[in-house]
J.: 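The structure follows.
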Amino acid sequence: MKITAVIMAGGKGERFWPQSRANRPKQFLSLTNDGETMIQKTVARLTDIVDINDVFVVTNENYIGLVKEQLTDLPDGNIIAEPKARNTAPCIALAAQIIKKKYGDAVMMVLPSDHLIKFTEMYVDTLRKAIEAAEKDKNLVTIGITPSYPETGYGYIQFSDMDESMPGAYKVARFVEKPNIELAKEYVNSGTYLWNSGMFVWKASSIIANIEQFLPDVAEGSAKIGETYGTDAFDSTLKSVFPELTAESIDFGVMEKAKDIYTIPGNFGWDDVGSWLAVERVNGADEYGNVEKGDIVSINTKNSTLIGGKRLVAAVGLEDIVVVDTDDALLICAKDSTQDIKKIIESLKNCNRNELV
């Protein structure tokens, strides 16, 4: 069966302000030392599994130029431009309908564009197991991450027995929302919970059937758009129908209700790069616990992340601080407050300073 990939690339990446902006969000930035952007890395990891002609990128219509600029081999027709953000269920439903129209049916790997993976071979091996499981019946497969600590910022997947007919695939017992620290410790200690990575594998026909059951209006609207794919009516139908679809996540709208859900545990060095703290995890720190990128001079500074722009950044006597400098904005933030960077965006909007958002 044809293997395809759907890369979800419509997010705003607000916690990476001031580098991440409305016109160039996180997935189009390079946060590693090799200069490759997040979306470039996401597609490059898949070259042994799927041809670039079978990769689809779902993004905001404002980012079409960025996708073309950074993924030069991607066919223009494989860029699905959302006229309005409607969360992951409509995004996936539309991609499934387009794949159905183009191929009849195919396996879909649905992957976020802003995750980093340390061990590509192990990642590819995990995806191959997921593909094998997804090809059977109407299985919906999710990639879970074996937790290394009690994280409270992720949802969790509880799994039960392994299916002997699908090596490496475990039946999903339930999905649970982000827990408090006590519950997170229980989950990790039990050995039967995984972090929910937001990566999925299924046949287009399988996910369409489930969306028809649980989100009928999304199914109807996405099918209407999909029917016009490859015709002159596609753009106008997309712009008129897609914004009216119910905004819903695939987890809540489908995965928490469907049957035949399986998970493949992953141990491939996954990082969802949720805040500036991830830069240290990804690139490593120096002997003083600092991460320094750009023209930096630091004196008596420890455990800090210092990201420079065009000018010199000098830091003296800092500890547990994030500093990010750009042409028009400077962020200075305590490490334990990085989740609150979104509040800066809200404040700027309230002050009508949208040029900085």
Side-chain angles (χ1 to χ4, degrees), residues 9 11-42 44 62-63 65-66 69-70 113-118 148-149 151-153 269-357:
K12 297 179 180 178
E14 291 180 337
R15 283 174 291 185
F16 277 84
W17 186 90
Q19 281 198 353
S20 181
R21 302 290 181 94
N23 62 353
R24 187 177 285 264
K26 176 179 67 169
Q27 59 269 28
F28 301 107
L29 300 177
S30 172
L31 298 176
T32 54
N33 293 327
D34 58 15
E36 284 191 313
T37 66
M38 308 274 280
I39 193 170
Q40 287 173 331
K41 285 182 170 294
T42 300
N62 295 325
Y63 305 148
L66 286 170
E69 172 190 314
Q70 296 193 6
S113 60
D114 56 358
H115 292 178
L116 291 178
I117 306 296
K118 186 177 291 185
S148 52
Y149 62 93
E151 171 63 56
T152 59
W270 172 83
D271 198 307
D272 77 334
V273 198
S275 75
W276 281 113
L277 298 183
V279 176
E280 179 180 334
R281 296 195 300 268
V282 171
N283 294 310
D286 64 18
E287 57 187 311
Y288 303 106
N290 297 326
V291 178
E292 299 182 357
K293 196 173 182 181
D295 191 3
I296 309 292
V297 173
S298 59
I299 307 295
N300 296 329
T301 293
K302 299 177 182 178
N303 303 321
S304 294
T305 297
L306 309 172
I307 310 294
K310 294 180 179 179
R311 57 187 171 179
L312 169 71
V313 172
V316 181
L318 301 183
E319 187 167 358
D320 297 322
I321 296 293
V322 174
V323 176
V324 182
D325 189 32
T326 66
D327 290 352
D328 58 356
L330 171 66
L331 170 71
I332 303 170
C333 177
K335 273 190 170 183
D336 60 6
S337 297
T338 54
Q339 298 300 317
D340 291 332
I341 292 175
K342 282 187 173 183
K343 295 179 180 178
I344 295 175
I345 308 294
E346 295 171 9
S347 180
L348 290 170
K349 289 178 179 178
N350 290 337
C351 296
N352 293 318
R353 302 196 68 182
N354 293 317
E355 76 280 3
L356 294 172
V357 174

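Hydrogens, waters and symmetry mates are skipped; everything else that's a heavy atom, side chains included, is used.
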J.: Pairs of donor and acceptor atoms involving the side chains of residues 306-319, under 3.5 Å and at least two apart or interchain, shall be tabulated with distances.
T.:
residue : atom : partner : partner atom : Å
Arg311  : NE   : Asp325  : OD1          : 3.4
Arg311  : NE   : Asp325  : OD2          : 2.8
Arg311  : NH2  : Asp325  : OD1          : 3.0

J.: Rounded to the nearest 0.5 Å, what separates atom CD1 in Ile39 from atom CD in Glu69?
T.: 11.5 Å
J.: Classify the ring geometry between Trp270 and His115 as parallel (under 30°), tilted (30 to 60°) or perpendicular (over 60°).
T.: perpendicular
J.: Could you state the interatomic distance from CD1 (Ile341) to CZ (Arg15), rounded to the nearest 0.5 Å?
T.: 9.0 Å
J.: Mind checking what makes salt bridge (charged side-chain N to carboxylate O under 4.0 Å, His left out) contact with Lys302, not counting sequence neighbours?
T.: none
J.: Find out whether Lys335 and Asn303 are in side-chain contact, i.e. whether some heavy atom of one side chain is under 4.5 Å from a heavy atom of the other.
T.: yes
J.: For the residue pair Trp276 and Leu31, establish whether any side-chain heavy-atom pair is separated by less than 4.5 Å.
T.: yes
J.: Do side-chain atoms of Thr42 reach the backbone of Met38 as a donor and acceptor pair under 3.5 angstrom?
T.: yes
J.: May I ask you to test the Gln70-Phe28 pair for a side-chain heavy-atom distance under 4.5 Å?
T.: yes
J.: According to salt bridge (Lys or Arg N to Asp or Glu O under 4.0 Å), does anything in residues 286-297 pair up with another residue at least two apart or in another chain? List the pairs.
T.: none
J.: Is any side-chain heavy atom of Phe16 closer than 4.5 Å to one of Gln27?
T.: no
J.: Working to the nearest 0.5 Å, report the span between SG of Cys351 and CG of Leu356.
T.: 10.5 Å
J.: Taking only residues two or more places apart in sequence or in another chain, which ones pass side chain to side chain contact (heavy atoms under 4.5 Å, CB included) with Asn23?
T.: Arg21
J.: Under the criterion side chain to side chain contact (heavy atoms under 4.5 Å, CB included), I'd like the reasoning laid out for Val324 against Leu330: C-alpha separation, chi angles, the key distance, then a yes or no.
T.: CA-CA 6 Å; Val324 182; Leu330 171 66; over 6 Å; no
J.: Do Thr301 and Asn290 touch side chain to side chain, with heavy atoms closer than 4.5 Å?
T.: yes
J.: Please round to the nearest 0.5 Å and tell me the distance separating atom OG1 of Thr37 and atom CG of Asp114.
T.: 11.0 Å
J.: What is the distance from atom CG of Asn350 to atom CG of Leu348, rounded to the nearest 0.5 Å?
T.: 9.0 Å
J.: Identify the heavy atoms of Ala278 and Asp271 that sit nearest to each other, and give their distance.
T.: CB-OD1, 3.8 Å
J.: Look up atom CD1 in Ile332 and atom OG in Ser337, then write down how far apart they are to the nearest 0.5 Å.
T.: 13.5 Å
J.: Using side chain to side chain contact (heavy atoms under 4.5 Å, CB included) as the criterion, list what pairs up with Ile345, not counting sequence neighbours.
T.: Glu14, Trp17, Lys349, Val357
J.: Does Leu29 reach the side chain of Ser20, with side-chain heavy atoms less than 4.5 Å apart?
T.: yes
J.: Under the side chain to side chain contact (heavy atoms under 4.5 Å, CB included) test, which residues partner Asp34, sequence neighbours left out?
T.: Thr32, Glu36, Lys41
J.: Any non-hydrogen side-chain atom of Thr305 less than 4.5 Å from a side-chain atom of Leu277?
T.: no
J.: Which atom pair, heavy atoms only, marks the closest approach of Ser275 to Thr338?
T.: OG-OG1, 3.6 Å
